[in-house]
Amino acid sequence: MTDAQTLRSRLAEGMPPAWRDSFLKVPRHLFIPDTVWVRGTDDRPYPLRREDDPARWLEVCYSDAPVAVQLDDGDGTGSGYVSSTASMPTVVARMLDAADLSPGLRTLEIGTGTGYNAALLASVTGIENVTTIEIDAVLAERAATALERAGWPVEVVNGDGEKGCPKNAPFDRIMATAAVRTIPYTWVEQTRADGIVLTPFGTAFHSGALLRLRVSSDGSTAQGNFGGDAAFMWTRAQRAPHGAVEDRVLPDHDFDELTTGLHPHESVGDFDGSFAIGLRVPAMTSVVVFDDDDPACGSYTVYLMDPYAGSWASWRIEPGPMTYVVRQHGPRRLFDELETAYSWWKEVGSPAHTRFGLTVAPGGQHVWLDTPENEVARP
Ligand SMILES: C[S@@+](CC[C@H](N)C(=O)[O-])C[C@H]1O[C@@H](n2cnc3c(N)ncnc32)[C@H](O)[C@@H]1O
């Protein structure tokens with residue numbers, strides 16, 4: 001069995017040079033619970049217990065992948081929804097890098113999870129400068145114990161990170177490791193002038209990009225660009241309602257039918273295109289269902305759904321023809337909305353997501369393209 005030290009060195013080698021030392025100093029396996037959840041070939045989560053297979057458990061702890069540590073908010077009655085992970089190390093490293101940390105900076109992490117990232121933060125800023133907040137009481141307590149035992153006893157608060165942590169504010173940095181669709185203004189209020197708020201930001205349609213906001217010199221607004229893929233689980237209050245296609249697309253639903261030459265590769269499958277569409281089309285999720293559950297077969301349906309209005313569209317793709325049949329049901333015409341947003345994105349030159357930015361002010365927030373005056377969406 002490869003020992004933890006060897007695995008840790010291997011993981012650290014893959015990190016940005018400035019962070020290698022921290023990844024060596026903080027042993028990830030000390031933060032991972034004895035039972036984790038791994039995907040089976042049927043894509044369902046199965047428990048992997050340390051006592052049953054210590055070598056595999058350790059490999060999982062040091063894989064450059066997210067490790068699922070809780071399902072269904074810990075109540076065991078849900079559909080197997082992953083509600084907490086130790087985030088993917090290279091993504092964590094990218095976020096830490098973007099946070100521009102240095103010793104002494106007071107930092108708040110939203111979403112303690114296992115506590116691993118809080119220890120990495122503390123390795124640079126100092127244990128006494130890190131506060132981490134977790135909404136789930138069981139996870140918060142477990143992380144506090146792990147942090148203590150591993151030698152990084154930062155302050156763990158059990159609470160709603162969307163409200164920040166007023167008792168320890170102001171912070172130089174706020175770093176969320178759960179994604180949002182709108183920025184809680186409290187994060188701006190609790191960050192010092194010229195400080196940084198860093199968070200994964202997504203939409204119902206797009207899994208998310210990293211957003212780095214700089215707080216203005218008077219402390220009242222924050223502004224910055226998106227940069228890089230950052231797919232995280234949502235904060236609890238900003239999750240989209242769960243629900244499978246078969247719950248939303250019912251056999252007795254009426255629909256209109258049209259044909260289109262637009263292929264999902266160009267819109268749903270393109271990171272920048274789908275980022276822009278998600279900004280312009282609110283509350284629209286997408287699910288791809290392959291015939292016979294076989295991605296290789298080339299026949300599939302893309303479902304667009306609004307879980308609030310009960311609208312859906314199905315977009316049928318078959319190998320061969322260059323036109324595809326679309327059906328639309330409900331008060332919203334979701335495919336039409338997607339096509340309009342996609343055409344807009346093409347017309348403005350198919351900008352990369354990095355050309356978009358967000359401004360948060362006391363009265364609201366808006367997404368812009370290239371310059372803050374060029375508003376293109378309100379999240
Ligand atoms: C991807 S995990 C964080 C990983 C963690 N930073 C680590 O190093 O293990 C996201 C965490 O955010 C927590 N969370 C979700 N909504 C929250 C909220 N409003 N306030 C605080 N924590 C929240 C979840 O319970 C989950 O544990």
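Each ligand, and each atom within it, is numbered from 1 in the order the structure gives.
- Ranked by closest heavy atom to atom 21 (C) of ligand 1, the top entry among V180, I135, L120 is I135.
- The line from NE2 of H329 to CD of E257 is 15.0 Å long, rounded to the nearest 0.5 Å.
- Under 4.0 Å from ligand 1, the heavy atoms of S83 that appear belong solely to its backbone.
- Contacts with ligand 1 closer than 4.0 Å are made by no heavy atom of V69, backbone or side chain.
- Considering backbone and side-chain N/O atoms, E134 comes within less than 3.5 Å of an N/O atom of ligand 1.
- Here's the thing with G161: one of its N/O atoms is less than 3.5 angstrom from an N/O atom of ligand 1.
- At under 3.5 Å, a nitrogen or oxygen of T177, whether backbone or side chain, sits near a nitrogen or oxygen of ligand 1.
- Proximity of E109 to ligand 1, defined as any heavy-atom pair under 4.0 Å, is confined to the side chain (atoms from C-beta onward).
- Counting all heavy atoms, side chain and backbone alike, A99 lies closest to I196 at O-CD1, 3.9 Å.
- Ligand-side atoms of ligand 1 in range of S87: 1 (C), 4 (C), range being under 4.0 angstrom from any heavy atom.
- Atom numbering of ligand 1 starts at 1 in the shown order; those under 4.0 Å from a heavy atom of G159 are 20 (N), 21 (C).
- The atoms of ligand 1 that sit less than 4.0 Å from any heavy atom of A86 are 9 (O).
- For T112, the heavy-atom gap to ligand 1 drops under 4.0 angstrom.
- Between G111 and ligand 1, an N or O atom pair is found at a separation short of 3.5 Å.
- For ligand 1, the atoms lying closer than 4.0 Å to a non-hydrogen atom of A178 are 12 (O).
- Between W19 and F23, the ring planes are perpendicular. Angles over 60° get that label, and only those under 30° would be called parallel.
- Formation of a donor-acceptor pair under 3.5 Å by the H29 side chain with backbone atoms of L58 is not found in this model.
- The distance from ligand 1 to the heavy atoms of S84 drops below 4.0 Å at these ligand atoms: 26 (C), 27 (O).
- For ligand 1, the polar-atom distance check finds an N/O of N117 within less than 3.5 Å of one of the ligand's N/O atoms.
- Any N or O atom pair closer than 3.5 Å counts here, and F232 shares no such pair with ligand 1.
- Using a 4.0 Å cut-off between a side-chain N of Lys or Arg and a carboxylate O of Asp or Glu, R248 and D306 do not qualify as a salt bridge.
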